[in-house]
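Below is one structure, written out as structure tokens, with a few remarks after it.
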Amino acid sequence: MSERYNPQSIETRWRQHWIDEGTYEVDNDDPRPPFYVLSMYPYPSGPAHMGHVRNYTMGDLLVRYRTMCGDGVLSPIGFDSFGLPAENAAIKTGTHPREHTERNGEALSASLRRIGAVYDWRRMVRSHDPSYIRWTQWIFLKFHEAGLVYRDTAPVNWCPGCQTVLANEQVLGDGTCERSGDLVERRDMEQWFYRITTYAQELLDDLDTVDWPEKVKVMQRHWIGRSEGAEFGLPIPDDDGVARTDVEPLAVYTTRPDTSFGMTFAVISPEHPRVDELTTDDRRAAVDAFRASVAGRSDIERQSTEGELDKRGVATGGRVVNPFTGQAIPVFLADYVLMTYGTGAIMAVPGQDQRDWDFATAHGCEIVRTVRPPDDFDGEAYVGEGPAINSEFLDGMGVAEAKATAISWLEDHGYGSGKVNYRLRDWLLSRQRFWGCPIPIVYCDACGEQPLPVDQLPVEAPDDVEFVPTGQSPLTYHEGFLSATCPSCDGPARRETDTMDTFVDSSWYFLRFTDPTNDEAPFSVEAAERWLPVDQYIGGVEHAILHLMYARFFTKALSDLGVAPKGLREPFKRLFTQGMIRLGGSKMSKSKGNLVSPEAILEDQGADALRLAHLQVKPPQEDVDWEDFGIDGCAKFLQRVWRLAVPGSDLTNGARDGDPTEADAEIDRATHRLVARITNEYDRWSYNTAVAGFMEFTNTLYRYVQTDEEIHADTLAAAIDALLLVMAPAAPHLCAELWQQRNGGHVHVEAWPEADPEKLVDDTVTMVVQVNGKVRDRVDVASDIDEDAAVAAALACEKVAVALAGAEPRKVIARPPKLVNIVV
RNA sequence: GCGGACGUGGCGGAACUGGCAGACGCACCGGCUUUAGGAGCCGGCGCCGAGAGGCGUGGGGGUUCGAAUCCCCCCGUCCGCACCA
């Protein structure tokens, strides 16, 4: 017997071969049709864990498959190399984040190569490289110039213990800091924003143009949260309850203007700027106490549905006029009214809104129904369809008509107008951190906030900083970094010390990959035109909202600014989100400490067995339990393939020339069916069944070589070569080695095989014969049998006669050649 | 609460368009092979039944000649959003 398959001896050689030969390097003038496959660039956290293996195996399979299909596949890799973990490590160990990050990046690169993933390594892009920082800052300035960047105060999570701002993820469920355990406060600070809301409508509309999982689209639509309604003013009354004209009315937003006659009170947010003005002297102490208690509560606490409603709101003593009824109604403060949505003030209609109903009940407010509920309705607030009641000129109208009429009335009387609102907020991009892209702004006492000229880019953070656990960015202590010159007046200025959210870096890296060394622009329009949109984007569903929304925003804005092609409105044509890996029932992650390292498996069974196990275990989009993996089974299967395909194998050395038999014809047809099947399964990401297909076919070939008298070399060679071709994207090393030993050359640059449609159908097929929908018999018939013959064959079955027991068929359904159903 | 996905053997799953339920793998059982290995090869393996046969895709109803697949109700699991006026 020839030597057994030994993954170690061949995998190293082939990995090197792909790099040395530049098999997966592709230039921008490559004559082949362009195809862009992109796996989300990883945060460099050190050697790969199983989640990486799963992710990058899927992407690699596609890169190799499309390459064999004849495309010039752009397969780049890079690192999302800014971010908090490196900075925290720096504080702990004193090592500069760059050193830590680059070392981890090298380790991850090595891991990716080790599993056989192939990239055009020449196109490596890392967020922290000065050549990338430069263009991230350039884009910031471009957006700044276009009015897509602004500065404003915003509430942030402030940890009094760490004396710093925390990201939402660093605030635990109970509202405390994950590091110090202190109760996190809300604090207003000056922050930078990207005006993503400008694109809210387009971000919503264009979801219809991309081929993404419906789940992700639904999440994005919800996040954008478009609603239609009306915004109008509630006038402030004088002591007699008559609307004053000399005071600005209180603006409210509602999606139910049709219910306005039922507005019996108004509620404003505790942060609303007009609280003081609306509060009467006798209520001031209570209102101030309420606001103080709200400020001390965390967002989580504040947004929980629990808690007594009478304690969650307080009367201001002030009143406003319902313009529809002319009645003066009380104004309350409640913590559930958010300053960040609509106008920060609402009209309350308890009859049609359950939360308003509860609040009205708790605070003794009047309840007036303005939509007639059905007779059998026994709930409280009624939110359904029905005729308007108690609403004067709206009475009798349905909800839609009443809405439109109410809006017209508001417009005619100058109170307000129809309004579309979005839940989407502008993107707060500044972070009080060191290890991120510096914001290219200086502050001049004379000229104020000044964007830097582009020829001063990149603004780089200095290396000679000390990482001490003060909770402040080291930049704020570094005089050399802080002092700058004002670009307007040449006077002294102070640099911005905030850095950008790392989501900024990941919002355009896929564009940089198309033209990674360009030093005239972030990328050329031509390069982007050639490769974008990405044909297949692959990543975790955890990025369903933020990253994907931000990247879409960047693409649209860059396109409008002429940086990206005019017609490029979406960055990612198709998106695939693969499932995560669980161990012991919970998500495999560094923080949970339940990572499984692929090292031992790679050393033992090899990369191809591990890849195959990842592909086989479950449909790619589903979450998978590590306990369900069958590495040994896959390794055993690869041994079987090896034994079948390796030249000189005891299994196949009995093959000789000769006239093809029926067994040969059957193997030939099976071979063509395999090719057709795997092509289809790769195209629709059904990798688990593709692996089943390899195994099934291999079993068929084993049967052929072991049970037939005569085995023919031609038949066998064609079958095995086809198997190696279709398996090559999944098990690249083994297939490359066997192909070379058998045929010479390189399987991965071979053309993808095509199935002959004529060979996909057998001459005879098994037809199912049913009586009353139950299978009673199976008969072999010609595959081109006509309906009459099929029925005749069915009626001739003995078991059918038994089942019919003499009864006359009432009806016969024939679907030749698959099935005949006899109904009595 | 709202939205989404899903529920098939001992286990992971297959059945793409309504047409043979359980492909393929794991586990288990049996056999072969001078064979002791992390072997290899062949076979069996939904449940009940001696058999013929019957039952069977979370439960109940419906559409259909025919339903794992389509529709309605219920139960359960997972994920996302969570006072958005």
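Just so we're on the same page: letters track the sequence lines, and every chain starts at 1.
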**Prompt:** Who are the salt bridge (Lys or Arg N to Asp or Glu O under 4.0 Å) partners of R54(A), not counting sequence neighbours?
**Reply:** none
**Asked** Starting at the 5' end of RNA chain B and moving along, which residue's nearest nucleotide shows up first, V768(A) or N421(A)?
**Response** V768(A)
**Asked** So, is Q616(A) close to the C24(B) phosphate, meaning a side-chain N or O under 4.0 Å from OP1 or OP2?
**Response** no
**Message:** Expressed as a whole number of angstroms, how long is the span from L546(A):CG to G80(B):C1'?
**Reply:** 13 Å
**Message:** With rounding to the closest Å, how many angstrom separate the P atoms on U8(B) and C70(B)?
**Reply:** 16 Å
**Request:** Could you check how far CD of E622(A) sits from C1' of A14(B), rounded to whole Å?
**Result:** 12 Å
**Item:** Rounded distance in Å between the C1' positions of U77(B) and C26(B)
**Value:** 23 Å
**Prompt:** Which whole number of Å gives the distance between the P atom of A67(B) and that of G61(B)?
**Reply:** 14 Å
**Electrostatic pair R574(A)-D211(A), nearest N-O below 4.0 angstrom** = yes
**Message:** Of the options C81(B), A15(B), A85(B), whose atoms approach the side-chain atoms of T689(A) most closely?
**Reply:** A15(B)
**Message:** Strictly below 4.0 Å, N to O, side chains only: are E214(A) and R221(A) in salt-bridge contact?
**Reply:** yes
**Request:** Compute both the distance and the angle, then confirm whether R423(A) meets the cation-pi test with W223(A): under 6.0 Å from the six-membered ring centre, within 45 degrees of the axis.
**Result:** yes
**Request:** Toss me the dot-bracket line for RNA chain B: Watson-Crick and G-U wobble, both under 3.5 Å, 5' to 3', using | for pairs to another strand and [ ] for crossers.
**Result:** (((((((..(((......[....))).(((((.......))))).(((....)))..(((((..]....))))))))))))....
**Asked** When you check the phosphate oxygens OP1 and OP2 of G19(B), does a side-chain N or O of K818(A) lie under 4.0 Å from one of them?
**Response** no
**Asked** Got a salt bridge between R643(A) and D650(A), using NZ or NE/NH1/NH2 to carboxylate O under 4.0 Å?
**Response** yes
**Message:** Can you see if the side chain of R355(A) gets near the phosphate of C84(B) - specifically, an N or O under 4.0 Å from OP1 or OP2?
**Reply:** yes
**Prompt:** Separation of E787(A) atom CD from G19(B) atom P, in whole Å?
**Reply:** 18 Å
Side-chain donor-acceptor distances from residues 633-641 of chain A under 3.5 Å, at least two apart:
from	atom 1	to	atom 2	distance (Å)
Q639(A)	OE1	Y5(A)	N	3.3
Q639(A)	NE2	Y5(A)	O	3.1
R640(A)	NH2	N699(A)	OD1	2.9

**Message:** Taking C73(B) as the reference, what is the distance to G4(B) when you measure between their P atoms (whole Å, please)?
**Reply:** 13 Å
**Message:** Heavy atoms from C-beta onward define the side chain here; which of A85(B), G4(B), C24(B) lies closest to that of Y341(A)?
**Reply:** A85(B)
**Request:** Report yes if a side-chain nitrogen or oxygen of Y253(A) is closer than 4.0 Å to either non-bridging phosphate oxygen (OP1 or OP2) of A85(B); otherwise report no.
**Result:** no
**Message:** Salt bridge check, E666(A) against R703(A): does any charged N sit closer than 4.0 Å to a carboxylate O?
**Reply:** no
**Asked** Within this structure, what is the CG-to-C1' distance between N699(A) and G25(B), rounded to whole angstrom?
**Response** 10 Å
**Message:** In whole Å, measure the gap between the P atoms of G80(B) and C71(B) for me.
**Reply:** 26 Å
**Fill in**
On RNA chain B, more 5' by nearest nucleotide between R582(A) and K774(A) is K774(A)
**Fill in**
note: Q220(A), atom CD; G3(B), atom C1'; distance rounded to Å ~ 15 Å
**Prompt:** Would you call R810(A) and E808(A) a salt bridge, using N to O less than 4.0 angstrom?
**Reply:** no
**Presence of salt bridge, E380(A) and R369(A), under 4.0 angstrom** = no
**Asked** Is R677(A) near enough to A15(B) that one of its side-chain N or O atoms lies under 4.0 angstrom from OP1 or OP2?
**Response** no
**Message:** If I take atom CG in residue D632(A) and atom P in nucleotide G37(B), what distance separates them, rounded to the nearest angstrom?
**Reply:** 17 Å
**Item:** Length of the line joining N688(A):CG and A15(B):C1', which is rounded to integer Å
**Value:** 12 Å
**Prompt:** Base, sugar-phosphate alone, or nothing: which one does Q770(A) contact when heavy atoms must sit under 4.0 Å apart?
**Reply:** base
**Asked** F637(A) CZ to C26(B) C1': how many Å, rounded?
**Response** 15 Å
**Asked** Expressed in whole Å, how much space separates the P atoms belonging to C41(B) and C24(B)?
**Response** 16 Å
